[in-house]
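To start, the structure itself, in C-alpha cells.
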Amino acid sequence: METEIPKVYSPESIEPHWARIWVDEKLYRPVEDASRPRFSLVIPPPNVTGSLHIGHMLEHTEIDILMRWHRMRGDDVLWLPGTDHASIATQMIVEQELGREVLPEMEGRSSAAAAWRREGQRRRLEMGLDKFMERCWQWKEQSGGRIRRQMERLGASVDWTRERFTMDADYSRAVLEVFSRLYREGLIYRGTYIVNWCPRCGTAVSDLEVAHEERPGKLWYIRYPFEDGSGYVTVATTRPETMLGDTAVAVNPADDRYRNAVGRRLVLPLLKRVIPIVADDFVDPGFGTGAVKVTPAHDPNDFGIATRHNLEQLKILDEKALMTEAAGPYKGLDRYKARERVLDDLRAEGLLEKEEDYPLSVGVCSRCKTVVEPLLSKQWFMKMQPLAEPAIRAVEDGRIRIVPENYRKIYLDWMYNIHDWCISRQLWWGHRIPVWTCEQCGEEIVSADLPKACSKCSGSKLRPETDVLDTWFSSALWPFVTLGWPEETDDLRRYYPTDLMIMGFDILFFWGARMIMMGLKFMNDVPFRELYIHALVRDAERQKMSKTKGNVIDPLEVTEKYGTDAVRFALAISAAPGTDIAFSYDKIESYRAFANKIWNAGRFILMNLEKLGPEARKRVAAATGSAARDAFVPLPTGPTLELADRWIFSRLATVSREIEEALADYRFHEASYKIYHFFWHEFCDWYLEWVKPEITRPLGPEDSCNAWVNLLRVFESALHLLHPFMPFITEELWHRLPNRDAEVSISRTPFALVTAQAANPDAEKDFENIRTLVVAARNAKAEAGLQKEKVAARAATEDSALLNLFDVHQETILRLAGLESLDLISGRLETGTHVTAAFEFQLLYEKKIDLGAERSRLGKERAKLEQALERVKKQLENRNFLDRAPQDVVQATESRRTELESQFQKVVESLERLG
RNA sequence: AGGCCCGUAGCUCAGUCUGGUUAGAGCGCUACCUUGACACGGUAGAGGUCAACGGUUCGAGUCCGUUCGGGCCUACCA
C-alpha cells in the first residue's frame with residue numbers, strides 16, 4: 001500500500017485505470033449460472049452518427065446502477081451492448097462529411113450544414129452505391145469505436161464479448177427473414193398511397209418522423225365557376241397551388257346550401273379542367289364555406305375522398321417539390337413560387353374572393369426541418385392493427401409494466417389509433433428490401449436469400465428493389481436478434497424476455513411500441529417485462545440541448561474535468577422519475593466534493609491503519625475477515641464505543657433496505673440521496689468523529705482490535721452501497737483495504753453486507769439523545785460567541801436512564817461538543833438555556849449572560865411550541881378526530897402532546913426565571 | 001382538437017402515487033473555525049402564507065374542481 005495518499009481526490013489518475021481493467025478482465029460477462037436469478041437488459045443501441053451525449057450518459061448511468069446492484073445481489077446479469085446503423089441519420093452525416101471535404105471554406109458559417117449536404121448528395125450520386133457504402137462503413141467504424149471508448153470510460157458494465165450492430169451480417173440476415181415472413185403473411189404490402197415525402201432528403205418518411213410546427217398562414221377563398229356559367233362555388237384552402245391538381249370539389253351530403261349542387265360540374269380556374277361536385281361525409285359544413293377542393297395526389301383526406309368517389313389522381317408536384325407537366329404553365333416552378341403565381345393569376349381573373357389569416361401547423365421533416373410534402377407514392381407498408389392488438393393486451397394485462405405509469409396511457413392511446421407504417425426509404429445506407437422483380441414476367445420475388453431465378457417463369461433477369469428499410473424496422477427486432485434469433489441459442493433461451501428496458505420518452509413509439517409488437521410476433525413473448533422511461537437532460541435554463549443551440553454537453557469533457565463518479569452521482573441524484581433534469585455545473589461540483597469526502601474518509605482510515613505498524617495491522621486484517629465468510633455485526637468494544645457501533649450498524653441496515661427499495665422502483669434520486677446522507681452526515685460527521693480517539697491511538701499487542709474491525713466493516717459496507725453509483729472511487733478504495741489481494745473487483749461482492757438483524761432501535765434512540773445534547777451545547781456556545789473556548793456546562797433531567805447514558809458517554813460528549821466539563825443533575829435547572837423534551841442544558845461561564853438575547857430566543861421557541869401545541873390540542877379535542885382517525889395516529893398525537901407540553905412548560909418556566 | 005407534465009427557500013429541485021411530527025436537500029447567503037481525513041472541509045444560523053380560489057376530510061403541500069402562468073406530446077383541423 002502506498003504511504004502517500006493525495007489529499008485531494010484526482011479521478012483522472014484512477015478512473016481510466018479501472019475502466020481498462022474491467023474491460024480486459026471481461027468482468028461483466030454474465031455468470032451463466034442457471035441456479036441464480038437472471039437479470040438481462042439489451043442496451044438501447046446508440047446511433048453511429050457521432051458520439052454519446054449527456055442524455056446517453058444519464059441512460060447508461062441509470063442502467064449501470066441497476067446492473068451493478070443486481071450483480072452484487074448475486075444475479076446472473078447480462079447487459080448487452082451495441083449500436084444502431086441509423087439509416088437516414090447516418091447517411092445524412094456521411095453526406096455532410098463528403099460535402100465538407102470539398103467545401104472546407106464553409107466552416108463556421110450557419111448555412112454550412114445545408115450546403116455540405118447538398119454537395120454531399122451530389123458527390124454520393126457521382127461515386128455510386130458501392131463507394132458510398134464503403135464511406136458509411138468507415139464512418140460506422142469511427143463512430144462505433146468512439147462510442148465504445150466513451151462507454152468504457154463511463155464505467156458501463158456491459159459484456160463487450162456480446163457487442164452487436166444492427167448491420168452485422170447475421171443481424172441483417174434476420175431482418176430480411178422477418179421481412180419475408182411478414183410479407184408471406186400479408187402483413188407487409190406494397191401500394192401507392194399518400195406518404196410524407198421530404199424533398200430535401202429525397203425519401204418517404206413515416207408519420208412519426210414528421211414534426212408539427214405552428215406557423216402563421218392564410219386561408220384563401222377561391223371561386224370555382226359552374227360549367228354552365230350559373231354562378232360559382234367558393235372553396236377555402238391553405239395551399240392554393242394544389243388547386244392545379246384538383247379533380248373534384250366535395251360537400252357534406254347533409255349540407256342544404258349545396259343540396260342542388262351535388263352532381264353538377266365546375267370549371268377549375270386557370271387550367272379550365274371540368275371537375276364534379278361530390279358529396280362526402282368527411283366534409284365539415286362548419287369549416288370555411290363547407291365546400292372542399294379535392295386534390296387526391298397531395299392530401300391524405302382528399303385521397304380518401306377520391307377513393308370513395310373514383311376520382312382521378314393527378315400528381316402536380318414531383319419528388320423535388322417542383323410542379324410537374326400536369327401543372328401546365330406552372331411546370332418546373334418550386335411549390336412556393338407556384339403558389340404566388342397561382343394567387344396572382346386568380347386575382348387577375350377575379351376569382352380570389354378573400355384571404356384570412358389562419359395559423360396552421362405544418363409538418364416538417366424531423367431530420368432537416370424541410371416542410372414535408374404529402375405525396376402519392378409507391379411504397380412498402382406494414383399492417384399495424386393485427387400486430388398492435390397483442391401489444392395492447394400485453395400492457396393492459398400487466399405482462400409489461402411501464403414506469404412512470406402515465407406513459408402507459410400514452411402508449412395505449414397511440415396503439416389504439418395506430419396507422420400502417422411506411423417502412424421503405426429511398427436511401428442507400430440500410431437494409432435493402434429483399435424483393436426482386438422478374439423482368440420477364442413481372443413476378444415479385446421476396447426472399448431473405450438472393451434468388452437465382454424467377455420462381456414463376458424461371459427467368460434469370462431479376463431487378464432488385466433499391467429501397468432500404470426504415471431504420472426502426474431493424475431496431476424493433478433488437479431484443480431477440482441480438483440474442484441469436486432465428487437460431488434457438490442458449491442466450492435466447494436464457495435471457496429472453498429481457499427483464500428491463502430503459503429509454504427516453506422520445507422513442508417510446510418509434511422503438512418501444514414496435515419492439516413489443518415484433519417481440520410478441522416472433523418470440524410469442526414480450527421483449528421486456530418492465531419499461532422504464534427516463535428523464536430528459538436539459539441545460540441549466542431548462543432548454544433542450546441541441547447542436548444548433550450550441551448548448552450540448554460532452555460527457556467526456558465533464559467527466560475529465562470532474563470525474564465520472566461525480567457526474568454519474570449528480571445525474572442519479574437528479575433523476576426523479578418523470579421529471580426532466582436541469583444540468584448544472586454547480587451540481588456536479590457538489591458531488592465532486594462528495595467524492596473528495598469519500599476519498600478523505602478512506603485516506604484517514606488507511607493512514608491510521610498504516611500507523612498501527614505491521615503486526616497490529618495484520619491482526620486487524622485477520623480479525624476483519626471478509627464479507628464472503630463473515631456476518632457483519634458489531635463486535636463488542638466496551639461501553640463508550642459500543643453505542644456508536646450499534647447505532648451505525650443499525651443505520652446501515654436501514655439504509656441498505658431503503659436503497660434497495662428505491663432502486664427496485666427506479667427512484668434513483670432517493671437511493672443516491674440515502675447513501676449520500678448516510679456516508680457524509682452519519683458515517684463521517686458522527687461515527688468517524690466518535691471513534692477518532694480509538695483509531696488514532698497505537699494498538700498494543702494485548703489491546704482488542706474490535707473497534708478497528710467495526711470501523712473497517714462499516715466503511716466497507718458503505719463502499720459496497722456506494723459502488724453502483726460511484727464505481728471507480730469505491731473500486732479504488734476497496735482494493736486498498738486489507739485482505740483484498742486475491743479478489744478482482746468490488747463489483748463481484750455482495751451489495752448489502754449488514755442485514756436487517758443489525759437493526760437496533762434502542763441504540764438509535766440513545767444516539768439521538770446524545771446527538772441532541774451535543775448540538776444543544778454547540779448551539780449554546782455559538783450563541784455566546786464561545787466557539788473557540790472549552791466551556792463548563794451542566795445538563796439536568798429527571799430521567800435517570802438518560803442521566804446514566806450521558807454519564808457513560810461523558811468523555812465523547814465533551815469532545816464532540818467542545819465542553820470542558822459537564823455536570824449531570826437529577827431534576828431541574830433553575831434556568832435552562834436549552835430546553836428539550838428530554839433534558840435541560842446550560843453553559844456555565846464567566847461572561848455575563850446576555851439576558852435579552854436569551855429571552856428573545858426562548859420567546860421565539862415558546863411561540864413555535866405554542867403554535868404546535870395549539871394545533872395538537874385542537875385535534876385531540878375534536879371528537880371526530882378521536883372517533884375517525886386510526887388508533888395509532890391518535891396515540892402518536894397524544895404522546896406528542898405530552899412531549900410538547902413538557903417542553904413548553906420548561907420553556908415558560910425558564911422565561912419566568914429570567915424575569 | 002385532444003392528452004400529459006410543471007408551479008414548494010434567492011437559484012435548482014425532492015416530498016404529492018399511499019393525506020397525519022414544527023415541509024426537506026444541494027448551491028448561494030450570514031457568523032465563527034485553518035482543531036493532525038477533508039476549506040471540494042467543520043460548526044451554528046437566516047430564509048418558505050407549498051401559484052390563486054373553491055371543495056372533500058377530524059386533518060390537505062399531498063385528494064377533487066376551477067383559474068392563472070410555464071413546458072411538452074399526439075392528431076388524416078381544408
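As the structure is a prediction and not an experimental result, all values here were calculated from the model. Keep in mind that the numbers below use all heavy atoms, side chains included, and drop hydrogens, waters and symmetry copies. Chain A is the first sequence line, chain B the second, and so forth, proteins listed ahead of strands; every chain is numbered from 1.
Within a heavy-atom distance below 4.0 Å of RNA chain B, the residues of residues 279-286 of chain A found are A:F282, A:V283, A:D284.
A:K597 forms no cation-pi arrangement with A:Y676, by the criterion of a distance under 6.0 Å to the ring centre and an angle within 45° of the ring axis. The cationic atom of A:R339 (NZ for Lys, CZ for Arg) does not lie both less than 6.0 Å from the six-membered ring centre of A:W220 and within 45° of the ring axis.
Between B:C50 and B:C63, the distance separating the two C1' atoms is 16 Å to the nearest Å. With both ends at atom C1', the span from B:U16 to B:C27 equals 24 Å, rounded to whole Å. Straight-line distance between the P atoms of B:G42 and B:G26: roughly 10 Å, to the nearest whole Å. Comparing B:A46 with B:A23, their P atoms sit 13 Å apart, to the nearest whole Å.
Using a 4.0 Å heavy-atom criterion, one finds that A:A593 contacts the bases of the nucleic acid, with or without backbone contacts as well. Residue-level contact check: A:F509 touches the backbone only, with heavy atoms under 4.0 Å from sugar-phosphate atoms and none from bases. Heavy atoms of A:Y358 sit under 4.0 angstrom from at least one base atom. Residue contacts for A:I605: at a heavy-atom cut-off of 4.0 Å it reaches no nucleic acid atom on any strand shown. At the heavy-atom level, A:Y676 lies under 4.0 Å from the strands shown only through sugar-phosphate atoms. Using a 4.0 Å heavy-atom criterion, one finds that A:R592 contacts the bases of the nucleic acid, with or without backbone contacts as well.
If you measure from atom NZ of A:K674 to atom P of B:G24, you get 14 Å, rounded to the nearest angstrom. Put simply, NZ on A:K409 is 13 Å from P on B:G2, counting in whole angstrom units.
Of the candidate nucleotides B:A14, B:A37, B:A44, B:A14 has the atom lying nearest to any side-chain atom of A:A576. Closest to the A:E689 side chain, of the nucleotides B:A75, B:C38, B:G15, is B:C38.
Side-chain N/O atoms of A:H669 include one lying less than 4.0 angstrom from OP1 or OP2 on B:G15. An OP1 or OP2 oxygen of B:A37 is reached within less than 4.0 angstrom by no side-chain nitrogen or oxygen of A:K7. Neither OP1 nor OP2 of B:C27 sits under 4.0 Å from any side-chain N or O of A:K587.
Of all heavy-atom pairs between A:V233 and A:A291, the closest is CG1-CB, 3.6 Å.
Other residues, nucleotides and ligands contribute more than 12 heavy atoms inside 6.0 Å of the CD atom of A:E661.
Residue-to-nucleotide contacts include a donor-acceptor pair under 3.5 Å from the side chain of A:K597 to the base of B:C38.
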Dot-bracket line, read 5' to 3' along RNA chain B, where crossing pairs take [ ] and | marks a partner on another strand, Watson-Crick or G-U under 3.5 Å: (((((((..((((......[...)))).(((((.......))))).....(((((..]....))))))))))))....
Residue pair A:Y411, A:Y407: steps toward the ring-ring contact (aromatic ring centres under 6.0 Å, His included) verdict: CA-CA 6 Å; A:Y411 166 88; A:Y407 291 113; over 10 Å; no
